[in-house]
Peer 1: 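Take this structure, written in structure tokens, and hold onto it; I'll ask about it next.
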Amino acid sequence: MASCWIENSTLLTAIVGTWAPFVTFVLIMLFTRHRPKTSAGLSLASATVSLASALVLLGGHWNLQRPLEYTGRWLVSGDIYIPFGYLLDPVSLLMLTVVAIIGFLVQFYSLGYMAGDPGFSRYFALMSLFLWSMMCLTISPTLFQLYIFWELVGLSSYFLIGFWYEKFSAGQAGKKAFVMTRLGDVAMFLGVLLILLHLGNLNILEIDSPKIVGLMPPEMLTLAALLIFGGIIGKSAQFPLLTWLPDAMQGPSPVSALLHSSTMVAAGVYLFERLFPFFLFSSTATTVGLAIGTISMLLASTMAMVSRDIKQIWAYSTISQLGFMLMGLDAGGLFAGAFHLTTHAAFKALLFLCAGVFIHQYGTNDIYDLAAKGTRRMRVPMLCTIIGAGALAGLPPLSGFFSKEVILAKLAGLPNPIWLVAALLGVFLTAYYAFRPIFIMLFPPSLPAANASNAAPEGTRHRLLYRIMVGPLVILAGATVALGFLQTPLRNFLAGQYTGLTTAGGAHLGWLPYVTSLLATGGVALTWWEFGRPGARQTGFVDGIPVIARFFAERWYLDRLYRAILDHAVDRGISAVLAQNDTRVIDGSIDGISRGTVLAGRLAALINAGMIQYRLLMIFAATVLLSLYFFF
Amino acid sequence: MHMEFASFPYLSSILAACLLGFGAILLIPARHTMLIRYVSAVFSGITLIITLYLFCAYDKRVGGLQFVEKVPWIPPLGIQYFNGADGFSLPNLLLTGLVFFTGVLTMWRMETRVKEFFALYFVLVTGVFGLFMSMDLFFLFVWYDVSLIPMYLLIAVWGTTRKEYAAMKLTLFLLAGSALILPATIYLFVQSGLNTFDIVALMQPGTFGESQQKFAFIFLYLGFGILAGVWPFHTWSPIGHVAAPHAVSMVHAGVLMKIGAFGILRVAIFLCPQGWQHWSQLMALLAAIGIIYGALVGLRQTDLKYVIGYSSVSHMGIVGLGLSTLTVDGLNGAVFQMFAHGVMTALLFSSVGYIYDQTHTKSVAELGGLSRTMPVASSYFIVAALAGMGVPGLANFWAELLVFIAAFKVYPLRGVLAIAALVVSALFMLRVVQRTFYGPEKEKYARLSDVPFGLGIPRMILAVVLLLFGLFPSLMVDMIETASIPFFNGLPR
Amino acid sequence: MIVPFGHVIVLAGALFLLGITCAVCRRNLIMVVLGVEIMLNAASIIFLAGALRWFSMEGQVFVVMVLAIAATEVAIGLALIVYAYRRTGSVDPINFNCLNEQPTGSQLAGFIRE
Amino acid sequence: MNWLLFTPEIYYLLVSLLFLGASMGGRATPGTDYIAALSAAAVGMAVTAAAVKLEGSLFAGSYRIDLLSQVFKVILSSALFLVLCICAQLNGIRERHRRDFYCLLFLCTVAMMMLVSSVHLISIYLSLELSSYSLYVLVALRKNANLGLEAGIKYFIIGIFASAMMFFGMGMVYASTGAGYLEELTEVLPGFVHDPLLMLGLLLTLSGFFFKLAVFPFHFWAPDVYQGSMNQVAAYIATASKVAAIGILLRVIAVLGEGNAYLIQVLAVLSIVSMTLGNLAAIVEHDVKRLLAYSTIAHAGYVLIGVLSASAGGYSGTVFYAMALLLMKFTVFLVVVQVASAGGNLRIEQLAGLHRRSPLLAMALLVAAFSLAGIPPTVGFTGKFLVFTAAMQKGYFTLVLIGMINVVISLYYYLMMVRAAYLLKPDEALPDLHLSLPLRTLTGALVALMLVAGSFPYPFIQAANAAVRALM
């Protein structure tokens, strides 16, 4: 660390903001495990500190000219230098702020949501751990640091998904998430090493500078970019590693809101933003990225169309929206990706938190059940859900509309129109699946008696908890509506990033917004026809074709495929063969040697067992043999 | 007789503490079990304190061998009692101190033949300490055998599953290793023509010709490699881990396997650098196979200790890979990994020890939902498992990082394979955690108690160490570099 | 020497072999001892040949000594054999092979195999 | 002639004659006899020790007194003393044979002492035969006559067979060189290196020593004799007799010396076969004494490694090894004698529960077993190390490697003994073994000595070096 870190207020702010959650984590784990209130207080306080520092940093560097970088020695070994430090530039500041805000809101919300849980302290400790690692990831100046915290957010995700570890499926889901992201991480690690090999260090600014093209042969650069993209695929749950995210919904809803929609899974997209110029150096990599993004987007959309679990629907939509972001980025639109990331963070967190309120109240995830139990009477959450879904669907004038529009504009600028067409199809499908649960919940076929369950829960304690939970909803809903109008300031803010870079400017097509909103409205309308209108059968058009519905519901059989590979190829295949090899071949040969030795021992004993004269003969024979040795 | 002591003989006092402890235990009548435990704890604590002191007192700016003690032993053969500590041995000494002390505490509740157990345990550790500090080939070999022999009784008497088979197998296997080491050692002694077993003198460039180095290296590598669990000579280790009592498993996986790796480093690589360069391809291959193989076989295991055993094979493969890279980073990583893996496995075995004492089973299938009944014990295990998976923030991550970077540079393909094994190791570690600690609580384990504070101390120490070096890896790497960089600069190019 | 040295060696060797044959083939302890005596005598012949060859008396001293030694040998041997005959009523060496009960080894082998 | 040089031998001869006289008349008084024998042996040890610095030659130069012989005599006299220490309960033989037993034991010791001093073919042959004859009778003395008798007959037949071969060989050596003194041989040998007659003669000559040392193929008596003779006699054969054989072998090989590649190769082959065969056969053995016999055969192989190195280091290593063998073999036999106190044979399983019955004996067994296997820091390891180093100096890498592999094999059966003592539970509860105080002290001292001589071998190595200097 720079020696004057105390005096440098920016750095001090950053350090305090990022490390406060870690201190909280340690304090809670060591001392306040059995004092839930203290733990929550500590955690919330540190989240507040982080939020404040993030806002201060953002405000203080709104007009940042060039990136600020502070590094200090962490580890030096031979010619490997691994620093720890802070890199403050528009991209990281924006992400930092997003993380801090949503982190704060979700923690506040959790006060209500997690109240009374036996693992209350542990929950807040883990949330702090996550916040710490996510913030450190965001401000990483080197890929090493980024990779380290990348792993750590994965770890906190593992623990938070499996938070209710007594539920076997929760633990399984956590494991699945960790291992699948690990798969991507390994690829990323290899990519990082490849860069290290050629560049000699992993400073992000250096990787992003054009000199890398001179240092790395093009095929190596492409390979490195693709490998790192592997990490993004894992973390952002893109095709083909997308199946862990729906399962991750086993965790508490606030966790889904924070980790598995708005921030952690967006880390993949963030990494792309970080290495944006680097990726653009390799056209192959961007094309592959575009394809992966598109496939993920469409695939997830189809899955969302048939799911009955509200959190899973939003999870699929997350995958799909992350795909959108990657498409935008791969098309060369840094702002497109970053802007959609920001708005998505807001509205997706909103959606999950709303879903959390429903689930907390009614104890079920199934949208039909929820509808039957009367979610429509919970006015605020319902309204917020509609706002969030509207943003998700890209209905004007909500923020989602603007951010998607930017991406579409970038895609339209590409020579190949197929990406735009796919994206427009995605817009339609998004609108369809986003409003499907809404209409189902709004217009249940039959409602329970009005008084049976009041909209707002009864009892003062319940009411308090409910209020605590609703507070963040309102804020997020406000943000969802407002963010769309902040497009220009944000664009200006991000314009400072990667100034030297010239990318193909997106075509500014006048007709695009209209087409988009038309498609979105069309999607909503179709949903209304199928689910919303009075007397609707509440089955989607996909449900009409059972084969396809089943296909979608089974996640295109991807999960089964992986399971089969793991079970049959790895577990019962390679692993079993190797285990057999261990016991049969290696141990077998060693035991064989021992047995052989014993056998030889018995033979040797046999030689010594004959009668006297036989022994005399042996002596004589051996002597003759030895003397023969002399003569020949 | 000419003796040479650089300072107060700290290193010898470690050995003295062990031997005094041994003597004290022998003198106490067998029925005073509590007294024996306290005596053991005190003496092992003393060794821990001394090693810790040495680790801190070592002057990194000066580097080289410090705390040197030299006493002629058998002058006609040039054998000296020659101890010294450098950046390679200090981490291992500290590790031994840690595992020794925590091992004694882990066995606090053991009731059968307490006196004999601790006496043998002290002998075992004396050998280990001696090996790490000895700079004389002859003594190094002696300590090697001293540390192996008590294993037989320790496993055969106090062990559990297939204990006699395991004990016999382990002893013969490791002795077979020494059967390769001793001839090579004497060979080097004779070939040098210096009439000395002094490693410092023998490692001067030009002492041995290239062909001699190649010849001796392979014997030394295989001999020590057996103890280091090099594939395909690893099968003794999982079986041994499983059968041994907990503290012995701790020492065994935590320290004893390091002896093998340390021997490869201190003897084979130091004395035969050209042999090292010649055989490094083979080393890397065996190591890479070991890493993947261990992880994949570990996937199939259903006994907690077997899982740990195979993970050790995999992790020791990482050490081997680091040693094979012929780079500073590789050596740093390998030595760091020795330390980190030692602490990590000790923690794993210590936790499993507690769990086994409570539930009387090690079968993953029978266990389940333990997080509910014993959250503290579980979290220790989980911390260690995470370290084993190479999660950042814990010491193992750094070690593996350094090794992988070096390996990727030098042997891209083998490096990639080894890195890919990270996924498998994550899979099998998490699988065990999932089946053992998560899931619904089982009726029969509902009444078990969690780790009381006192018994938790050893695990706490180990976990803190893991975290400390995970957050501040420089503490360790700077230490190792004081040895690795001069060693590399001294190599003939 | 009248007889060439080589011839004497051959004679001694033949005698020695005869002795060995006797010791190995005859199923009688006394005959075994006798066979060994023949071997000693063969050796004596060599010594005598050597004494003649090198014109030294040492060889003859050897022979004298060995006569005494052979006598002792036979004394002890006969004592043992007579004792044995009294106890077992037999001087067939095959009757004196009860010590080495065949080691089963199955237990140990089983242990290895487990 | 300076009869002073001959003092130890005369002393032992006199004691032996005294016992001979006593055995002819008077009633048996076991207690007194034992005390007398033990104190005679103790005094003998002192006499021998006092004579250690003597030098000179006797009997027309056929008998040499030098440091080597005197050191070996000290070892031999201590071996006798040690063996007598465990003869307190001579349950193996009839009471009326006790005095005969002592007489023969002393006589045998005299013969062995003479053996290590002999430098002429005749004196070698004579003393060898003398020691053998005493042992034949000692073996046959056993009360359980079928065991003792059979062992005695086997020992006798194989012994005389080997001695006849040896004598034949001596004849060939003499006939081809005309030399009877070892020194003469040294001088004339270089001219005869390619004479097959001489080479064959040397090989056959060595067979007598090989018989004593139980080297393949002259080892066939060992298992049966160890098993058949009573425990104390077996202990004596395993210790004293081996030491004497090593002593004379050193003398002879030192004469044949370097440059005799054929002979060295034969020795190497014999060494390898002996170790391997001995160790392998021991694996499946259940009778402790028989097992020890096989282990003796294996050890003979290790000894040969030192001998065939034909260098000062090798010889001194061999001397050290002889001392080590005495210590560790005797310790095991001490345990055997104590555990099988009724005088019977001992099976490995009968060691079960020893660690409870007598922790001291169990520990002695443990240390001795590891020492026999050659595990540091015991004396057995140091001995092996010295021998191996010497062999390596001659470049016999493979030999050392095979030796080490044999160590691994041998560890198996030594561990089986340890296992029995520490792990097995006896079928029925056996009473504790109470050792008398002197025996306890002796056991403790032996254990300590094995460890101390293993860890601080320098003084012992110096002694061995000094002794060997007489050879060079």
Side-chain angles (χ1 to χ4, degrees), chain B residues 1 26 30 72-77 79 81 113 115-116 119-120 123 126-127 130 138-139 141-150 152-153 156-159 163-164 167-168 171-191 193 195 197 215-216 219 223, chain D residues 312-313 316-317 355-356 359 362-363 366-367 369-370 373-378 381-382 384-412 414-416 418-419 421-424 454-462 464-465:
Chain B
M1 302 267 259
L26 281 191
W73 204 258
I74 308 180
L77 290 174
I79 295 170
Y81 174 75
R113 291 164 83 172
K115 174 176 169 175
E116 286 162 294
L120 286 170
V123 174
T126 313
F138 175 80
F139 268 92
F141 181 81
V142 168
W143 292 127
Y144 176 91
D145 272 10
V146 168
S147 61
L148 295 189
I149 287 307
Y152 176 75
L153 284 178
V157 178
W158 291 273
K163 55 184 184 179
E164 289 194 20
M168 186 59 88
T171 316
L172 292 184
F173 237 99
L174 301 188
L175 252 290
S178 86
L180 299 176
I181 297 169
L182 187 65
T185 307
I186 303 178
Y187 175 80
L188 287 178
F189 163 73
V190 170
Q191 294 296 326
N195 198 40
F197 280 91
F215 179 72
F219 279 92
Chain D
S316 87
H355 76 101
R356 267 189 206 295
M363 189 166 85
L366 177 84
V367 175
F370 283 152
I375 305 296
T378 54
F381 166 73
T382 315
K384 281 204 179 71
F385 179 78
L386 294 173
V387 168
F388 286 163
T389 309
M392 191 67 84
Q393 252 147 359
K394 291 279 170 163
Y396 306 137
F397 186 88
T398 322
L399 193 59
V400 176
L401 190 64
I402 293 175
M404 280 309 289
I405 291 172
N406 265 292
V407 167
V408 179
I409 300 176
S410 71
L411 189 69
Y412 177 75
Y414 294 125
L415 279 179
M416 294 311 283
V418 172
R419 166 175 169 270
Y422 275 89
L423 256 76
L424 293 188
S455 346
F456 305 93
Y458 186 42
F460 300 90
I461 293 176
Q462 272 178 318
N465 278 340

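Order of the sequence lines sets the chain letters (A, B, ...), proteins ahead of strands, with each chain counted from 1.
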Peer 1: Non-hydrogen atoms of chain D under 4.5 Å away: do they reach the side chain of I74(B), the backbone, both or neither?
Peer 2: both

Peer 1: Considering only heavy atoms, which portion of A167(B) lies under 4.5 Å from any heavy atom of chain D: side chain, backbone, both, or neither?
Peer 2: neither

Peer 1: Heavy-atom pairs under 4.5 Å with chain D are the metric here; pick the option from L175(B), I79(B), V146(B), T171(B) that has the most.
Peer 2: L175(B)

Peer 1: Got a sec, which residues hit side chain to side chain contact (heavy atoms under 4.5 Å, CB included) with F215(B), two or more places apart in sequence or on another chain?
Peer 2: Y187(B), F219(B), F397(D)

Peer 1: Sequence neighbours excluded, which residues qualify as side chain to side chain contact (heavy atoms under 4.5 Å, CB included) partners of Q393(D)?
Peer 2: F189(B), V190(B), T389(D)

Peer 1: Let me know if L366(D) has heavy atoms under 4.5 Å from chain B in its side chain, its backbone, both or neither.
Peer 2: side chain

Peer 1: Heavy-atom cut-off 4.5 Å, strictly under: side chain, backbone, both or neither for Q191(B) against chain D?
Peer 2: neither

Peer 1: Is there a side-chain contact between M416(D) and M168(B), using heavy atoms and a 4.5 Å cut-off?
Peer 2: yes

Peer 1: Who wins among G127(B), P183(B), A30(B) for the most heavy-atom pairs under 4.5 Å with chain D?
Peer 2: P183(B)

Peer 1: Does any non-hydrogen side-chain atom of F385(D) lie less than 4.5 Å from one of V142(B)?
Peer 2: no

Peer 1: Can you tell which part of L401(D) gets under 4.5 Å to a heavy atom of chain B, answering side chain, backbone, both or neither?
Peer 2: both

Peer 1: Could you state the interatomic distance from NE2 (H355(D)) to CD (E116(B)), rounded to the nearest 0.5 Å?
Peer 2: 6.0 Å

Peer 1: Kindly state whether the ring of F141(B) and the ring of F388(D) have centres lying under 6.0 angstrom apart.
Peer 2: no

Peer 1: Of all heavy-atom pairs between W73(B) and S455(D), which one has the smallest distance, and what is that distance?
Peer 2: NE1-O, 2.6 Å

Peer 1: What distance separates I149(B) CD1 from L411(D) CG, expressed to the nearest 0.5 Å?
Peer 2: 5.5 Å

Peer 1: If you count heavy-atom pairs within less than 4.5 Å of chain B, which of V400(D), N465(D), L386(D), L423(D) leads?
Peer 2: L423(D)

Peer 1: Kindly check if the number of other-residue, nucleotide or ligand heavy atoms within 6.0 Å of CZ (R356(D)) is above 12?
Peer 2: no

Peer 1: Side chains of Y144(B) and P376(D), heavy atoms from C-beta outward: is any pair under 4.5 Å?
Peer 2: no

Peer 1: Which one, L153(B), L180(B), T185(B), L148(B), leads in non-hydrogen pairs under 4.5 Å with chain D?
Peer 2: L153(B)

